[in-house]
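Here's the structure, in structure tokens; my notes come after.
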Amino acid sequence: GGVGASAPPNRPRMPSRAGPATASGRWSLLPLVETDPTIRGLATAEQLLDRYGVLTRGSVVSEGIVGGFAGVYRVLAGAEEAGRVRRGYFVEHLGAAQFGTTGAVDRMRALSESSAPSSTVTGANAGTASDHIPTSRAVVLAATDPASPFGASVPWPERAPEEGTTEDSAHAQHRPGRKSGALVALVDGRLGLYLERGGRTALTYTDDPDHLRLIARSLKAQVTHRSVASLIVKKIDGAPALSSSHPFAKALIEAGFHTAPQGLRMRR
């Protein structure tokens with residue numbers, strides 16, 4: 001008699017983990033990778049135009065495009081000759097090599113015309129002049145969002161040295177950057193605040209109390225609308241938020257931020 005005899009040959013075998021993977025669902029064949037550099041360059045340029053509206057050297061450099069601005073420039077110059085894009089000096093101090101789509105250029109022109117100062121109103125209509133002044137609005141964006149030009153096509157604005165910072169330790173200052181998780185707050189297109197990931201350090205670029213209140217309320221909305229899980233502002237311009245006399249600390253408390261051991265907190 002044999003001990004440990006083999007199983008009958010007609011017995012079904014159980015599937016093993018080493019076998020081929022099986023799955024169900026809808027499948028489709030992806031297109032082959034395009035190798036033509038001209039077609040790839042055109043697709044890259046079109047994607048950047050859709051993303052930024054108006055392309056500058058800084059915008060392209062910040063994307064880390066292979067070939068840099070020189071490679072994209074050749075494609076855009078050809079598109080300009082074909083009438084597909086416009087080239088012009090749309091934004092001051094950003095060089096003459098700027099390209100934009102027709103829609104983006106027209107919107108910039110309309111915005112410039114609507115924001116031009118109106119003539120002085122006197123007499124019976126003087127009381128209605130303020131009705132045409134647009135209300136300020138704060139917008140909070142990711143620091144890496146293409147809608148925020150700072151740190152890409154536009155340099156970060158200069159700031160006064162942080163409290164207690166000497167000339168020898170200026171390198172230790174907190175500095176803004178297009179970092180993952182960081183936020184920026186714009187008021188009427190101008191940078192008002194840079195907030196590190198999680199809110200650890202806030203760098204202000206305005207001391208207007210009204211603008212700071214708008215920014216504080218917009219930050220609260222980021223949490224209540226579940227765009228951000230929570231925020232804890234520990235420092236404001238280098239000083240502890242809990243003991244800071246900065247008007248932004250007051251604005252945060254008015255917006256509903258609560259005191260916590262680490263700083264001023266907002267949670268869902």
Does [X] [atom1] have over 12 foreign heavy atoms under 6.0 Å away?
X      : atom1 : result
Arg213 : CZ    : yes
Arg40  : CZ    : no
Arg178 : CZ    : yes

Could you tell me which non-hydrogen atom of [X] sits nearest to which non-hydrogen atom of [Y], and how far apart they are?
X      : Y      : answer
Ser59  : Ser153 : OG-CB, 3.3 Å
Leu214 : Arg137 : CD1-N, 4.4 Å
Ala255 : Met266 : O-CE, 4.3 Å
Ala241 : Ala249 : O-CB, 4.1 Å
Asp208 : Thr206 : N-OG1, 3.1 Å
Gly199 : Leu231 : N-CD2, 4.1 Å

Notebook entry, point to check: Can we say Lys235 and Glu196 salt-bridge, meaning some charged N sits less than 4.0 Å from an Asp/Glu carboxylate O?
Noted result: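 No, Lys235 and Glu196 are not salt-bridged.
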
Notebook entry, point to check: Could you go step by step and tell me if Tyr194 and Lys179 meet the side-chain contact (heavy atoms from CB on, under 4.5 Å) rule?
Noted result: CA-CA 11 Å; Tyr194 175 84; Lys179 305 172 185 176; 3.8 Å; yes

[X] with [Y], same ILVMFWY side-chain cluster at under 4.5 Å:
X      : Y      : answer
Phe90  : Phe150 : yes
Val187 : Leu141 : no
Leu186 : Val91  : yes
Val105 : Leu55  : no
Leu212 : Ile253 : yes

With a 4.5 Å heavy-atom cut-off, do [X] and [Y] have their side chains touching?
X      : Y      : answer
Leu203 : Pro176 : yes
Ile232 : Leu264 : no
Val140 : Val228 : no
Trp156 : Val184 : yes
Arg87  : Leu76  : no

Next item on the list: For the pair Tyr73 and Phe69, name the ring-plane relationship: parallel under 30°, tilted 30 to 60°, perpendicular over 60°.
Entry: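 Aromatic pair Tyr73/Phe69 classed tilted.
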
Roughly how far, to the nearest 0.5 Å, is [atom2] of [Y] from [atom1] of [X]?
X      : Y      : atom1 : atom2 : answer
Arg84  : Leu42  : CZ    : CG    : 5.5 Å
Ile215 : Thr204 : CD1   : OG1   : 8.5 Å
Thr101 : Tyr52  : OG1   : OH    : 14.5 Å
Asp207 : His246 : CG    : NE2   : 7.0 Å
Thr144 : Leu183 : OG1   : CG    : 9.5 Å
Gln222 : Arg217 : CD    : CZ    : 14.5 Å

Margin query: Restricting to salt bridge (charged side-chain N to carboxylate O under 4.0 Å, His left out), what partner residues turn up for Arg51, sequence neighbours left out?
Written below: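 Arg51 satisfies salt bridge (charged side-chain N to carboxylate O under 4.0 Å, His left out) with Glu63 only.
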
Check: Leu193 and Leu219: side-chain contact (heavy atoms from CB on, under 4.5 Å), yes or no, with the steps?
Finding: CA-CA 10 Å; Leu193 182 81; Leu219 289 175; 3.8 Å; yes

Next item on the list: Apply the test side-chain contact (heavy atoms from CB on, under 4.5 Å) to residues Asp106 and Arg86: give CA-CA distance (whole Å), side-chain angles for both, the deciding distance (0.1 Å), then the verdict.
Entry: CA-CA 11 Å; Asp106 290 342; Arg86 296 184 188 179; 3.4 Å; yes

Next item on the list: Could you give me the CA-CA distance, side-chain angles and deciding distance for Leu48 and Ile65, then say whether side-chain contact (heavy atoms from CB on, under 4.5 Å) is met?
Entry: CA-CA 10 Å; Leu48 291 174; Ile65 301 298; 4.2 Å; yes

